[in-house]
Each structure stands twice: as C-alpha cells, then as structure tokens.
Amino acid sequence: MGPHPAVAAIRLAVRRVLHDILNDHHASADRPASGEQSPHERPPSPLVLVACSGGADSMALASALAFEAPKLGIRAGGVTVDHGLQPGSDLRAEEVALRLRELGLDPVESTAVTVGRDGGPEAAARDARYAALDAAAERHGAAAVLLGHTRDDQAETVLLGLARGSGTRSLSGMAAVSGGPGAARRYRRPFLELDRQIARKACMVQSLPVWDDPHNTDPAYTRSRLRHEGLPALEKALGKGVVEALARTAQLSRDDADALDAWARQAEASVRDAVGLLECAKLYALPPAVRRRILRQAAIEAGAPAGSLFARHIEEVDRLITGWRGQGAINLPGKVVAQRQGGRLVIRQG
C-alpha cells in the first residue's frame with residue numbers, strides 16, 4: 001500500500017526539485033573553478049537545507065526532504081529562524097530544531113535575528129529571515145535552500161502586488177527558483193503548484209506536530225487580512241478557482257516580465273552616450289515598459305534600494321523623459337537624485 005495521496009504529492013514535488021539541484025551540482029562539478037581538482041575525483045554530495053518555521057507547509061517540506069534526499073545521495077539539513085517577535089520564540093525555535101533532527105536532518109540549526117523597521121514589520125521580518133538563511137547556506141556550503149511557499153501563498157503575493165500597483169514583475173509573484181548573494185539559484189519552492197491544505201493533510205496523516213503562528217491570523221498584518229478576509233470574499237463573489245487563476249496569472253506575468261527584462265538589458269547600451277549617460281531622446285523612442293525598466297535599473301545601480309523603489313518613483317523619473325517642462329530633480333529612496341541636464345538623464349547619489 002502506497003503513501004497517502006497528500007504525502008505522495010509533496011514527495012513528488014520535492015523529488016523533482018532535488019533532481020534539478022543534483023543536475024545543477026553535476027554541471028558545476030564539470031566546470032571546476034581551478035585546475036586543482038582531479039577529473040577522477042568525485043564531487044562531494046550536495047547539501048540541501050530546508051527553511052522550517054514549524055508550520056504545516058515547512059514541516060511537510062522537511063519530512064519530504066528527509067525521505068527523498070537519501071535516495072538520491074543528497075545530504076539534507078534544516079534551519080529555523082527565531083525572529084524574536086513573540087514571548088518564548090527562542091524555545092519554539094529550539095523545539096522546531098529538535099523536530100528536524102528527529103526527522104534525520106543534519107546539520108540543523110536555530111538562528112536568532114533582530115528584526116528592524118524598514119518597510120514595515122512584514123518586510124523587515126522577511127529581510128531578516130532571508131539574511132539569516134543566506135548566512136546559513138554560506139556557512140554550511142549548501143547547494144540550495146527549500147522554502148515551503150504554496151499556491152495559496154502565490155495567490156496572496158499576486159493580490160498584494162496588484163494592490164500596490166507595482167507592475168508586471170510584482171504580479172509575477174514568487175519564482176520557483178530564485179537567488180541569494182552570489183548564488184543565482186539558491187532558493188527553491190517545490191510547493192508553488194500545491195494547495196496549503198495538501199501540506200496540512202500530509203502532516204496530519206504522518207502525525208507530524210505543527211505550530212500555527214498567531215501572526216498568521218493577526219489582522220494587524222496585511223497578508224493575514226488578505227488570507228482570512230480578502231481571498232474568501234473573492235471566492236464568494238467569483239466562485240472557486242480564484243487561487244488557481246491567480247497562480248496562473250503569476251506564471252504568465254513572469255514570462256512577460258522576463259522577456260521585457262531581457263529586452264531592456266539589450267537596449268540599455270544603445271541609449272547611453274560615449275561617457276555612459278542616458279540620452280533622453282533615445283529613451284523616449286523606446287516602449288514605456290522597456291524604458292522604465294532601464295530607469296529602474298539605473299536608479300538601483302546609483303544606490304536606490306530595490307525594495308523601496310516603487311512604480312510611482314519610476315513614473316516620476318519617466319516624466320523627465322516624456323513630460324519635460326523644466327521640472328527640477330526627483331528625489332528617490334537611498335538619497336538618489338534623478339535630473340535632466342542638457343538632453344541627458346543623470347541619476348546619482350544626491
């Protein structure tokens with residue numbers, strides 16, 4: 001008798017991702033960084049870490065990783081992050097680490113972070129968490145870090161991007177594969193095509209203890225309100241299938257955004273003068289979607305934090321190209337200033 005369908009579904013999703021990681025690992029081993037490695041030496045088996053909060057999604061992911069990784073010769077470990085936002089969070093993190101060890105994962109660590117205030121509580125916690133995961137991956141030499149985001153999380157992310165008016169890239173949601181500092185394919189999200197309830201069911205039938213974070217039901221948090229009020233209201237008004245449709249929108253938007261990003265990268269060199277300044281007339285001739293991508297990248301390269309650079313900022317800079325009336329400089333996040341000078345667009349630290 002095979003595993004429960006929910007368990008089988010999460011294991012299959014993880015197995016597919018592990019095969020991809022293994023292929024990446026073998027490809028990199030075929031291209032040694034130096035001539036020191038003998039062609040007969042077998043590269044060490046890759047280490048894959050799971051980021052686990054103790055919730056149903058990440059516990060189901062940790063269980064599937066512990067089951068599938070040994071069959072492929074992959075080492076499997078885990079990391080839990082203590083954000084320090086609730087009383088007893090350090091004890092909770094240690095308990096999660098213990099559960100990961102009981103699943104057979106090794107290495108396992110619990111790491112504490114200090115959550116700042118930039119961008120609001122949710123964004124600050126996310127930034128602190130990813131910084132901790134990046135550090136753990138570097139410390140252990142991990143080939144990848146698995147994240148338990150589900151199709152429901154993807155739908156919420158698309159709606160949040162839509163509400164902010166952040167454009168196609170924001171509507172594309174979370175990528176199945178994304179990078180960290182110096183590692184373009186560090187983060188993998190095996191569950192983006194699976195519903196949250198499948199992960200919870202998998203935990204239940206395997207008798208895996210699950211911790212439900214009270215922040216997930218706290219109406220003070222935007223995502224919590226969206227999860228418990230917004231999405232149910234949409235499903236009531238539009239019928240079932242909203243989550244699936246939003247997730248499909250994310251993939252279609254990602255394909256479009258990737259194509260436009262590639263176009264912008266190719267066009268950038270053609271709109272700069274001999275000393276590298278952006279020429280307004282040449283920018284004006286580009287499609288708006290391509291031009292604004294070039295402007296956004298130029299602002300980031302000048303020092304504007306990507307997470308604080310919104311569509312309204314880029315629209316203001318764009319008006320220096322399309323609606324020039326002699327207006328003054330535009331102030332951007334990170335103390336970056338954009339201004340038009342003699343037919344050139346200058347974006348630099350103020």
Side-chain angles (χ1 to χ4, degrees), residues 118-119 123 126-127 130 134 157-158 160-187 248-350:
D118 291 347
R126 182 178 62 249
D127 290 346
Y130 276 100
D134 283 329
T157 301
V158 172
L160 289 170
L162 183 63
R164 287 192 294 263
S166 301
T168 308
R169 176 56 68 188
S170 185
L171 292 183
S172 66
M174 295 174 286
V177 180
S178 60
R185 295 172 60 82
R186 170 168 290 161
Y187 292 106
R248 189 163 57 251
T249 296
Q251 185 56 59
L252 293 171
S253 297
R254 181 167 297 280
D255 292 342
D256 290 349
D258 287 346
L260 288 167
D261 285 349
W263 187 353
R265 285 193 297 271
Q266 292 172 358
E268 183 184 8
S270 69
V271 297
R272 291 188 182 273
D273 63 14
V275 296
L277 293 177
L278 293 166
E279 298 188 63
C280 295
K282 291 181 179 179
L283 282 168
Y284 185 86
L286 292 173
V290 177
R291 180 175 63 245
R292 289 173 182 168
R293 278 167 165 76
I294 293 174
L295 297 179
R296 175 180 171 80
Q297 186 58 36
I300 292 171
E301 290 174 356
S308 302
L309 199 59
F310 301 135
R312 58 183 172 82
H313 295 126
I314 303 305
E315 287 168 3
E316 289 183 31
V317 177
D318 196 39
R319 279 194 285 272
L320 295 176
I321 309 294
T322 62
W324 176 241
R325 299 290 185 274
Q327 59 264 47
I330 305 298
N331 294 316
L332 301 173
K335 299 181 179 179
V336 171
V337 173
Q339 58 188 134
R340 181 164 173 156
Q341 296 178 341
R344 303 292 188 271
L345 185 68
V346 180
I347 302 177
R348 60 172 180 243
Q349 284 283 332

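- Closest heavy-atom contact between A298 and L278: CB-CD1, 4.1 Å.
- Smallest separation of non-hydrogen atoms from V290 and A264: CG1-CA, 3.7 Å.
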Dump the intermediate steps for salt bridge (charged side-chain N to carboxylate O under 4.0 Å, His left out) on R169 and D258, then the final yes or no. CA-CA 8 Å; R169 176 56 68 188; D258 287 346; 2.9 Å; yes
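- Residues E279 and R344 are in side-chain contact: their nearest non-hydrogen atoms beyond the backbone lie under 4.5 Å apart.
- Heavy-atom minimum distance, Y187 versus G179: CD1-O, 3.8 Å.
- Residue A267 comes nearest to L286 through the heavy atom pair CB-CD2, 4.2 Å, listed as atom of the first residue, atom of the second, then distance.
- Within the 4.5 Å cutoff, the side chain of L277 has no heavy atoms near those of the Q341 side chain.
- For G173 against T157, the heavy-atom pair with the smallest separation is CA-CG2, 3.8 Å.
- In this structure, CZ on R296 lies 12.0 Å from CD1 on I347, to the nearest 0.5 angstrom.
- Here the straight-line distance linking atom CD of Q349 with atom CG of L332 works out to 10.5 Å at 0.5 Å rounding.
- For the atom pair R340 CZ and R319 CZ, the distance stands at 14.5 Å (nearest 0.5 Å).
- Scored by the side chain to side chain contact (heavy atoms under 4.5 Å, CB included) test, A329 finds V337, Q339 as partners (sequence neighbours excluded).
- Rounded to the nearest 0.5 angstrom, D261 CG and R254 CZ are separated by 10.0 Å.
- Looking only at side-chain heavy atoms (C-beta outward), R293 and T168 come within less than 4.5 Å of each other.
- A distance of 13.0 Å separates NZ in K282 from CD1 in I321, rounded to the nearest 0.5 Å.
- The structure places CG of L260 at 10.5 Å from CZ of R265, a figure rounded to the nearest 0.5 Å.
- The closest donor-acceptor contact from the side chain of S253 to the backbone of A250 lies at 3.5 Å or more, if one exists at all.
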Side chain to side chain contact (heavy atoms under 4.5 Å, CB included) between R291 and V271, intermediate numbers included: CA-CA 10 Å; R291 180 175 63 245; V271 297; over 6 Å; no
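- Minimum heavy-atom separation, A338 to L320: O-CD1, 3.7 Å.
- Taking 4.5 Å as the limit, some side-chain heavy atom of L295 sits within range of a side-chain heavy atom of L345.
- With sequence neighbours left out, A285 forms a side chain to side chain contact (heavy atoms under 4.5 Å, CB included) with no residue at all.
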